Amino acid sequence: MDDKHMQIGEVAARTELSLRTIRHYEEAGLVIPSARSQGGFRLYTENDVARLMVIRRMKPLGFTLDQMRDLLDVTDRLDGHTALDAGEREALLERVRAYERSAAEQVEKLRVQLSRAEDFAATLRARLPEDAPARP
């Protein structure tokens, strides 16, 4: 095995995804191991890790597997070696812009939720006597 390939355990550690989750994303067609070892182990590259990181970042924002697949397809085409005409390139960029807008909206909703959660925690703290020991 050369230095450019990683086994699934290393990829899991780097992405903070479970082996099961990585296999699920493989079954869903979101990421395909770049190679297999002679023993049949999945082997991944830095590009595969980058794809998994995109997926990992999309998941908490509520994007579906289909949306993840679509965005990965768009970025693959934009980054690919096949020449795109100006209209096709602009259409792909507009799809990326739509995902960016959706992500920004979800981030704002999460900020509101976090603020409410912090307010709630502060309300609970205020009810506790100052000399009360904290419990784990």
Side-chain angles (χ1 to χ4, degrees):
M1 176 171 51
D2 64 34
D3 291 15
K4 294 190 282 184
H5 287 98
M6 297 163 268
Q7 289 189 358
I8 193 169
E10 182 180 348
V11 173
R14 289 192 48 196
T15 61
E16 299 179 346
L17 294 170
S18 70
L19 301 178
R20 183 177 179 190
T21 298
I22 294 170
R23 288 184 188 115
H24 171 70
Y25 291 148
E26 179 185 348
E27 290 169 8
L30 295 174
V31 64
I32 306 298
S34 292
R36 294 265 181 177
S37 71
Q38 288 182 336
F41 293 105
R42 295 166 173 85
L43 298 175
Y44 298 87
T45 63
E46 288 296 330
N47 285 341
D48 299 326
V49 170
R51 287 177 75 81
L52 285 165
M53 292 303 293
V54 168
I55 296 164
R56 194 184 106 191
R57 291 176 182 126
M58 291 180 80
K59 182 72 174 148
L61 298 177
F63 288 100
T64 66
L65 293 177
D66 285 338
Q67 289 171 315
M68 293 174 192
R69 190 177 299 107
D70 181 56
L71 180 60
L72 290 168
D73 177 60
V74 168
T75 57
D76 286 348
R77 290 173 62 195
L78 286 169
D79 296 341
H81 299 292
T82 305
L84 302 171
D85 66 44
E88 185 178 11
R89 181 171 175 73
E90 184 54 38
L92 293 171
L93 289 172
E94 184 51 42
R95 285 166 62 189
V96 173
R97 287 183 196 103
Y99 281 110
E100 187 280 329
R101 286 189 299 269
S102 182
E105 289 170 9
Q106 291 304 317
V107 166
E108 186 54 37
K109 288 177 184 177
L110 288 170
R111 283 192 177 113
V112 169
Q113 287 181 332
L114 178 60
S115 176
R116 290 177 182 159
E118 289 172 335
D119 288 346
F120 177 66
T123 299
L124 293 175
R125 265 191 312 276
R127 295 187 59 82
L128 296 172
E130 288 184 32
D131 61 345
R135 291 190 169 181

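Since this is a predicted model, take the numbers as computed values, not measurements.
Residue-environment remark: CZ (Arg36) exceeds the threshold of 12 foreign heavy atoms within 6.0 Å.
Hydrophobic clustering, with ILVMFWY side chains joined whenever heavy atoms are under 4.5 angstrom apart, keeps Ile32 apart from Leu71.
Interatomic distance, CD of Glu27 versus CD1 of Ile22, reported as 12.5 Å (0.5 Å rounding).
Residues that satisfy the side chain to side chain contact (heavy atoms under 4.5 Å, CB included) test with Ala91, not counting sequence neighbours, are absent from this structure. Residues satisfying the side-chain hydrogen bond (donor to acceptor under 3.5 Å, both in side chains) test with Glu10, not counting sequence neighbours, are none. By the salt bridge (charged side-chain N to carboxylate O under 4.0 Å, His left out) test, Arg116 is found to be paired with no residue, residues two or more places apart in sequence or in another chain being considered. For Glu108, there are no side-chain hydrogen bond (donor to acceptor under 3.5 Å, both in side chains) partners, not counting sequence neighbours. A search for side chain to side chain contact (heavy atoms under 4.5 Å, CB included) contacts involving Glu100 returns Ala104, not counting sequence neighbours. The side chain to side chain contact (heavy atoms under 4.5 Å, CB included) test applied to Arg127 returns no partner, not counting sequence neighbours. Shown here are the side-chain hydrogen bond (donor to acceptor under 3.5 Å, both in side chains) partners of Thr21, two or more places apart in sequence or in another chain: Ser18. Applying the side-chain hydrogen bond (donor to acceptor under 3.5 Å, both in side chains) test to Gln106 and every residue at least two apart in sequence or in another chain returns nothing.
When all heavy atoms of Leu19 and Ala12 are compared, the closest pair comes out as CD2-CB, 3.7 Å.
Under the 4.5 Å side-chain criterion, counting only non-hydrogen atoms from C-beta, Gln113 is in contact with Leu110. Taking 4.5 Å as the limit, some side-chain heavy atom of Ile8 sits within range of a side-chain heavy atom of Tyr44. Counting heavy atoms from C-beta on, the side chains of Arg77 and Arg89 never come closer than 4.5 Å. Counting heavy atoms from C-beta on, the side chains of Val11 and Gln7 never come closer than 4.5 Å.
Screening residues 61-72 for side-chain hydrogen bond (donor to acceptor under 3.5 Å, both in side chains), with sequence neighbours left out, gives Thr64-Gln67, Asp66-Arg69, Asp70-Arg95, Asp70-Tyr99. Under the ring-ring contact (aromatic ring centres under 6.0 Å, His included) criterion, no residue pair touches residues 21-40, with sequence neighbours excluded.
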Using residues 47-63 as the side-chain source, report each donor-acceptor pair under 3.5 Å to any protein atom, sequence neighbours left out, with the distance given to one decimal.
residue: Asp48; atom: OD1; partner: Ser34; partner atom: OG; Å: 3.2
residue: Asp48; atom: OD2; partner: Ser34; partner atom: N; Å: 3.4
residue: Asp48; atom: OD2; partner: Ser34; partner atom: OG; Å: 2.6
residue: Asp48; atom: OD2; partner: Thr45; partner atom: N; Å: 2.8
residue: Asp48; atom: OD2; partner: Thr45; partner atom: OG1; Å: 3.3
residue: Arg51; atom: NE; partner: Leu30; partner atom: O; Å: 3.2
residue: Arg51; atom: NH1; partner: Asp76; partner atom: OD1; Å: 2.8
residue: Arg51; atom: NH1; partner: Asp76; partner atom: OD2; Å: 2.8
residue: Arg51; atom: NH2; partner: Leu30; partner atom: O; Å: 3.0
residue: Arg56; atom: NH1; partner: Thr15; partner atom: O; Å: 2.6

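Residue Phe120 shares its hydrophobic cluster (ILVMFWY side chains chained together at separations under 4.5 Å) with Leu124.
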With salt bridge (charged side-chain N to carboxylate O under 4.0 Å, His left out) as the test, would you mind laying out the steps for Arg125 and Glu118 before giving the verdict? CA-CA 10 Å; Arg125 265 191 312 276; Glu118 289 172 335; over 6 Å; no
Go through Arg42 and Arg23 one step at a time and tell me if the side chain to side chain contact (heavy atoms under 4.5 Å, CB included) criterion holds. CA-CA 10 Å; Arg42 295 166 173 85; Arg23 288 184 188 115; 3.5 Å; yes
For Glu90 and Arg97, what are the C-alpha separation, side-chain angles and deciding distance, and is it a salt bridge (charged side-chain N to carboxylate O under 4.0 Å, His left out)? CA-CA 10 Å; Glu90 184 54 38; Arg97 287 183 196 103; 2.7 Å; yes
